[in-house]
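Only one structure is covered here, and it is reproduced in the block below.
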Amino acid sequence: MRRLCFYQCEVDSVKKYRICFRPQNKEIVVEEGTTVLEAERIAGLEPDAPCGGNGKCGKCRVDVCKGRKTGVVLACQTKIESDMIVDTMYQQKVEKILAEGLSRKVEVDPGVHPEILHVHSIEAGDRTNTGQQETGRQDTETEPFYLMAFDIGTTTVVGYLLDGRIGKTIAVASRMNPQHAFGADVISRANYVLEHGKEGSCALRSAIVNALNALIREAAGKAGVQVADILQISVVGNTCMHHLFLGISPDTLVHAPYVPAVRKGMILTAEETGLRFGPATEGTEEGKDSDLLPPFELEEELAANERNKGSDSCSPEAGITAHNTEEEWITSRRMRRTRNENLHTGVVLLLPNIAGFVGADTVGCMVAAAFDRLDQLTLMVDIGTNGEMVLGDHNRMLTTSTAAGPAFEGAKIECGMRGADGAISHLKETQYGISLEIVGDVRAAGICGSGLIDILAFLIRHGFVNSYGAFRDPEDLEDPLAIKLKDRVISVHGQPAFLLVKGEASATGEDVYLTQKDVREVQLAKGAIAAGIQILTDKLQKRITDIRQVFLAGAFGNYMDSQSACEIGMIPYELHDRIVAVGNAAGEGAKLAVVSREEFRYACRLSRETEFIELAAERDFQDVFVDKLEFDRAVDED
């Protein structure tokens, strides 16, 4: 008996079809007209869609084995019009996720207690409780309890489980940010929310909240502890990740004047954030994902408080007093919860944001480095989609962000990919030519950000590419090594490219190469970062050579070759011997804030005292940016 090919909806007469995804063996039923990419998201497959499903990146290819049209297609551009069997061409990828970073020792004083859940005032100097909730267990000084810190990155999420008594990290859990299915960069994700409204906001919020809950369970399982014994969690992330986590609209981030809806540090309950931990979870079902979470219920309260900032009146919308300082608002939140709500729950600390694209992750880095206590002029850079940077010392601190784009994350690069198995991560010169380092020691599948920098530095060093970023004709090459390798200069889609791996030797069966267009994408990214560094230096009335040390934060800064970054001009070459990779400093800052009330206060103060420079408003920015597009260390023809 033949199986029907579609399902009729009795209520609205919309046709529905069954889609089977292989090799995951997941089947779902979706409405006619749904794209294959949307169906993958519904099935929980976390497809790779750096461009957000706009048909531009070509990374979401799938093989339709059965359906109205078969063959390899772009999932985002293929609508479902029949029952389908789809091969997602999935390859198990083990991502390189950075967990360690710069840190320092602090006194452990988290402000929570396992027997009586203390909630302390955040005002400086106050050491009293504002309220307490009896848990019914005997109060002892040896009862174990735990804390957790999260760094929500655009690409990866890392969670640290800490012993609440001594502040020691006892387990680490990490994963890719599942929101990458909605776009590789924050702008793509923000636009998805704005285009899909409340449903889009719920989808992205649920994705990250479920991911954090899974990491909470994973870390607790690794350490052999109970989720119910985790009492407090801190969270850092860029401003967009912060807003998406809370379900707050990112509209103010992508439209002028590009400011965050919420700047302040926040103290919330686990229930308010959707996170499942703390005493209230004891005996409850674990491991089940949340349904679509609604937007953050305190958004109107926060907006009302912002509108009434500096006023002595009360906010009728939210029923709370307007507060002049962050500490007053935090204190009010805790006191209201103490009087009116059940405290038998976990506490969530969100570090403050500075600007629309300088978020709590940057504040976390500054906390880890104790930035305002530095004697030497220091530049700290987190190179990614948003190139956040801080320049200063104990006298003054400036910060900005640059629209570097997702090139260093592998997006917009024809053979680009994230730092997973099969990614070319480094290029080394040998007496025979070049040697490629590949993540996982497997066949090459593409190029990740660190490999991109190395390859371009090599091409510049040996004259394959001139100072304007153009490939030279193979017959015009003069460098001995370049002449030896000139056959690697090929034509792809009518543009010059440098061949790295031939198809018969790659994991995909296709050539792996770097094209002229790819070089242009790197020029835009490195030019934006270099221009930001120059503008900050000029604002402080300093010279580049006055910068005594450079902290490279984040995974990309940790894995890339800093010498190569200087050779392409992303970081001024004068600083090539002053660079220190500080790892996941944002995560370390989150850990400090969760183990010490004083460090959370310190984070709030740092965010207020750091001056934000809006590059787009700087008169000289465009001229500086254009200058920084060139490769100054390229060997040009006479």
Side-chain angles (χ1 to χ4, degrees), residues 95-98 100-102 155 379-385 387 389 404 406-410 413 415-441 444 446-465 469 479 481-482 485 498 500-501 512-514 518-519 521-523 525-530 533 544 547 549-585 628 631-635:
E95 308 281 349
K96 293 178 69 176
I97 300 178
L98 181 65
E100 300 302 320
L102 172 74
T155 306
L379 171 67
M380 182 162 62
V381 187
D382 187 348
I383 301 170
T385 304
M389 57 192 72
F408 297 135
E409 304 287 350
I413 303 300
C415 294
M417 62 183 290
R418 293 191 297 267
D421 283 356
I424 298 173
S425 58
H426 290 289
L427 179 150
K428 304 294 182 184
E429 295 180 31
T430 70
Q431 58 179 327
Y432 304 107
I434 59 174
S435 172
L436 302 176
E437 183 178 314
I438 302 171
V439 179
D441 196 24
I447 311 166
C448 67
S450 59
L452 192 63
I453 300 300
D454 274 5
I455 294 164
L456 188 50
F458 170 81
L459 297 178
I460 292 169
R461 189 182 313 126
H462 293 283
F464 288 96
V465 171
D479 180 270
L481 183 56
L485 299 177
F498 185 79
L500 295 160
V501 180
V512 179
Y513 47 78
L514 186 76
D518 296 336
V519 174
E521 291 290 344
V522 177
Q523 281 184 278
K526 78 96 179 177
I529 292 169
I533 294 171
I544 291 294
I547 299 173
Q549 56 186 353
V550 180
F551 292 160
L552 286 184
F556 184 62
N558 185 76
Y559 295 126
M560 79 173 186
D561 187 321
S562 60
Q563 184 71 26
S564 294
C566 292
E567 288 203 40
I568 71 170
M570 183 164 61
I571 298 171
Y573 191 79
E574 301 93 314
L575 305 178
H576 73 277
D577 57 350
R578 307 176 192 180
I579 297 175
V580 179
V582 297
N584 189 8
K628 299 299 182 182
F631 297 118
D632 292 338
R633 295 186 62 78
V635 181

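Side chains included, hydrogens not; waters and symmetry mates left out as well; all remaining heavy atoms used.
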Could you tell me if the side chain of F458 sits less than 4.5 Å from the side chain of I434, heavy atoms only? yes

Intermediate values then yes/no, side-chain contact (heavy atoms from CB on, under 4.5 Å), V580 and Q549: CA-CA 7 Å; V580 179; Q549 56 186 353; 5.7 Å; no

Would you mind reporting whether F464 and L514 have side-chain heavy atoms less than 4.5 Å apart? no

Hey, could you give me the CG/CG distance between D454 and L436, rounded to the nearest 0.5 Å? 10.0 Å

So do the side chains of V439 and R418 get within less than 4.5 Å of each other, counting heavy atoms only? no

Mind checking whether F551 and R578 have side chains closer than 4.5 Å, heavy atoms only? no

Is K628 reaching over with its side chain to a backbone N or O of M570, donor-acceptor style, under 3.5 angstrom? no

Residue set satisfying ring-ring contact (aromatic ring centres under 6.0 Å, His included) with F408, at least two apart, ordered chain then number -> F556

Between CG of L427 and CG of L452, what distance do you get to the nearest 0.5 Å? 11.5 Å

Is any side-chain heavy atom of V519 less than 4.5 Å from a side-chain heavy atom of F631? yes

Between CG of N558 and CD1 of I383, what distance do you get to the nearest 0.5 Å? 11.5 Å

For F498 and L459, run side-chain contact (heavy atoms from CB on, under 4.5 Å): C-alpha distance rounded to whole Å, both residues' side-chain angles, the deciding distance at 0.1 Å, then the answer. CA-CA 9 Å; F498 185 79; L459 297 178; 3.7 Å; yes

Spacing of R633 atom CZ and I460 atom CD1 [to the nearest 0.5 Å]: 10.0 Å

A528: side-chain contact (heavy atoms from CB on, under 4.5 Å) partners, not counting sequence neighbours: T402, F625

For R461, the salt bridge (Lys or Arg N to Asp or Glu O under 4.0 Å) test, sequence neighbours excluded, returns E429, E567

How about D441: does its CG atom have over 12 heavy atoms from other parts shown lying under 6.0 Å from it? no

Applying side-chain contact (heavy atoms from CB on, under 4.5 Å), run through I547 and E574 and close with a yes or a no. CA-CA 9 Å; I547 299 173; E574 301 93 314; over 6 Å; no

Is there side-chain contact between I571 and V381, with at least one heavy-atom pair below 4.5 Å? no

Kindly indicate whether the side chain of I424, heavy atoms from C-beta on, has any atom under 4.5 Å from the side chain of C415. no

Side chains of I544 and I533, heavy atoms from C-beta outward: is any pair under 4.5 Å? yes

Value rounded to 0.5 Å, distance of CD1 in I453 from OG in S425: 13.0 Å

Here the pair of heavy atoms bringing S562 nearest to L552 is CB-CD1, 4.3 Å

Do you know which two heavy atoms are closest between Q563 and D561, and how far apart they sit? N-OD1, 2.8 Å

Rounded at 0.5 Å granularity, tell me how far NZ in K428 sits from OG1 in T430. 12.5 Å

